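As the structure is a prediction and not an experimental result, all values here were calculated from the model. Count residues from 1 along the sequence.
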Amino acid sequence: MNQNNVLNAAQQDSFMTNLVAFAQEHRTQHWSGKLGDFLEKILPADPYGVARTSHQYIWDMIRWTRTEDADGNPQCRLFQDELFGVDESIARVMDYFKAAAAGSEVGRRLLLLLGPPSGGKSTLVILLKRGLEEYSYTDAGAMYGIAGCPVHESPLHLIPHSLRATFRDTYGVEVTGEACPFCRSRLEEQYGGDFMQMPAERIFISEADRSGIGTYAPHDPTTADLADLVGSVDLSKVAEYGDEGDPRAWSWSGAVYAASRGMLEMIEILKVKREFLYLLLTLTQEKNVKVSRFPLIYLDETIIAHTNLAEFRRFLQESENEALLDRMVIIQVPYTLNYKDEARIYRKLISSAAPAFREVHLDPHVLHAAAVFATLTRLQDADDKESDLGRKLRIHAGEDVEGVNRGEAERMKHKGAEEGLGGVSPRFVINALSNAIIRSDSNSLTTMDVLLALKDAIENDARIDPKKKRKWVDYLVLSRKHFYNRWVKEDVYKALFVSFEQEAQDLLDKYLDEVEASMDNRPVRDPITSEERKPDERFLRTVEETIHITDSGKQSFRQEVVRKAMGAFKRGEKFTLDSHALLHEAVQQYLFEQRRDVLRLVSSSMRPDDDVRQKISVVEQRLVGEYGYDAHSAREALNYVTTLLAQE
């Protein structure tokens, strides 16, 4: 048996163990009994947990998923591996539930998620639903209802109003809500009004079982029927019970009943008729619905809706919608402006794609270069120069940019009114990536392959106007020039050295020693011979000239370097390459000049001899072994960097 088979067998055993444990746990957590048993055995252990509203239950679920990272920062396990770059929107959603759970007026508002297509709205809601399902199987998330109730209502609804004040004084929680018509009818007919005999049971949230989660997706507005939400008379049962007003003759299949005690998701809510909206907003504010032949039906559920910008803007233009807007809490879910988070979205989408796609090797900069392009299309339209756009993008990604102080960085990170609400969606990029994979003859894609695929996708998309096409193609050029070129050159530079990091740090230390001696006007002691000599001005200028520091500007540059080095020393930190971006680049360029001959051999030797082939092979092997390339993309990277150098 080979190693892969052993690994698969171990994974299968582990999965089966987890599956059996899951089944046993779910089987042992069920509970059922009469209301009297419930009040005696279940209620006293956790009165608050039993009496929770839907908002309180969801907020407790969110808190249950919270953890801390290695630095002690709070993380929400529910979202952290699925949603990237929308932390601000997630924080606002959590603030909504926190406020609603505390009993504020926010809990009487419909939550509307607003954003562009493929921005994460649906995923956010899906994760909340999956979290509720999982939480309901825990001890902390135990939920109880009247057995057989079509709206899974709380057994506490059976407590008579005349006894509720005493109940509050005894258990410290408030009973709100009324028994539904179905349970009232059943109480009288089956139990002679003895509510202590009504059956109760533990219930579990499940979208598939229509328990605690309801989902409504609009179809043709002209044929949409409120019955999809609130049900209708079941004519097949009218003959059996003899009365259309009998609760047993009503079809309790509406989405609002399935969502009772939990959450109702309304997909593309602004496409529905206005009467739908009034019903939902009344349900949110008053916690009841009115259907023909029945009194008000009490329902406690959280309504989360989502819609796109086009529908919302049309909705805003109609003045009669002002009252509806006033009863909504609107949270924007824009595209991320952090290209690193955008790349994480692509990686997640690829990991869930077909095996044929997952098996294609992508060079280490494919996703980030595509993400840079996508993020550029989402920035506010402005007359910024290429370099300014590049700096702005790096600042949004949390990178230090030389010459930009913290205050200016915060100003540049401030979003414009439309930033993140338009531009390229993750789906557009993934489609282009998929096309590049399909067209490729090999199982290896380079960054240039994908940038060309994106260019093709832009030029052949009839939805994009010509002016925008030209601008987006320019963004592809910017992504290559200011980002990919720098990344791939850095990889090749490092691959040219056996121990690049150490050599670079040694050179940095030497530069710093020479600068300090030069500024203090003192000699430098040779570490080997102990002889003293003057600071090596030629070495200093050679390093500085690689980043175009002029002779007149060298003194201010050196002062800035020493100032940063002293700051690091005072903080107890080591002054490294990451401490000064420009000096980092200068050190790389200086070291690279010492190995430039190897790259020249790549392009100049049509039939390299063994010695040349060996030198090139070593560089390629390091790119593959240490920097995430495969043989094909490593060779392409070397050729590409060689071409760049020839153009300089």
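You'll find the side chain of S32 stays beyond 4.5 Å of the side chain of R202, heavy atoms only. Proximity of M266 to H306: side-chain heavy atoms (C-beta onward) are nowhere separated by under 4.5 Å. A heavy-atom distance below 4.5 Å is not found between the side chains of S425 and P117. Counting heavy atoms from C-beta outward, K121 and I331 have side chains that stay 4.5 Å or more apart. For the pair E399 and L393, the minimum side-chain heavy-atom distance is 4.5 Å or more. Between Q285 and L281, the closest side-chain pair of non-hydrogen atoms is not below 4.5 Å. Taking the side chain as every heavy atom from C-beta outward, E201 and I203 approach each other to under 4.5 Å. Residues N288 and L283 are not in side-chain contact: their nearest non-hydrogen atoms beyond the backbone lie 4.5 Å or more apart.
Under the 3.5 Å distance criterion, the side-chain polar atoms of D87 are left unmatched by any main-chain donor or acceptor of G85. Side chain of R164 to main chain of E174: no donor-acceptor pair is present (N/O by atom type, distance under 3.5 Å, no hydrogens or angles). With T377 contributing its side chain and V424 its backbone, the two residues share a donor-acceptor pair below 3.5 Å. Checking side-chain atoms of R52 against main-chain N and O of Y57 turns up no donor-acceptor pair under 3.5 Å. For the pair D37 (side chain) and G33 (backbone), a donor-acceptor distance under 3.5 Å is absent. In terms of modelled atom types and a separation under 3.5 Å, the side chain of S260 and the main chain of V151 share a donor-acceptor contact.
Ring centroid separation for the pair H157 and Y298 comes in under the 6.0 Å cut-off. Close placement of the Y171 and F167 rings is indicated, their centers lying within 6.0 Å of each other. Ring-centre distance between H152 and Y257: not below the 6.0 Å cut-off.
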TODO: Begin from the C-alpha positions of N308 and E311 and carry the test side-chain hydrogen bond (donor to acceptor under 3.5 Å, both in side chains) through to its verdict.
DONE: CA-CA 6 Å; N308 60 46; E311 295 289 344; 5.1 Å; no
Open item on the list: Please evaluate residues D95 and K98 with respect to the criterion salt bridge (Lys or Arg N to Asp or Glu O under 4.0 Å), reporting the C-alpha separation (whole Å), side-chain torsions for both, the decisive distance (0.1 Å), and the verdict.
Closed with: CA-CA 5 Å; D95 286 344; K98 182 178 181 180; over 6 Å; no
- [ ] Any chance you could lay out the salt bridge (Lys or Arg N to Asp or Glu O under 4.0 Å) test for K287 and E178, step after step, and finish with the verdict?
- [x] CA-CA 10 Å; K287 293 190 180 297; E178 307 288 338; over 6 Å; no
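Within 6.0 Å of atom NZ in K41, 12 or fewer heavy atoms from other residues, nucleotides or ligands are found, so the atom counts as exposed in its surroundings. Other residues, nucleotides and ligands contribute only 12 or fewer heavy atoms inside 6.0 Å of the NZ atom of K34. The number of heavy atoms from other shown groups lying within 6.0 Å of CZ (R347) does not exceed 12.
Ring orientation note: the planes of W252 and F182 are nearly perpendicular, at an angle over 60° on the 30°/60° scale.
Under the rule for a salt bridge (charged side-chain N to carboxylate O under 4.0 Å, His left out), the partners of E207 that lie at least two apart in sequence or sit in another chain are K129, R130. By the side chain to side chain contact (heavy atoms under 4.5 Å, CB included) test, K468 pairs with I464, D465, W472, sequence neighbours left out.
Residue pairs that meet the salt bridge (charged side-chain N to carboxylate O under 4.0 Å, His left out) test with at least one member in residues 320-332, sequence neighbours left out, are R274-E320.
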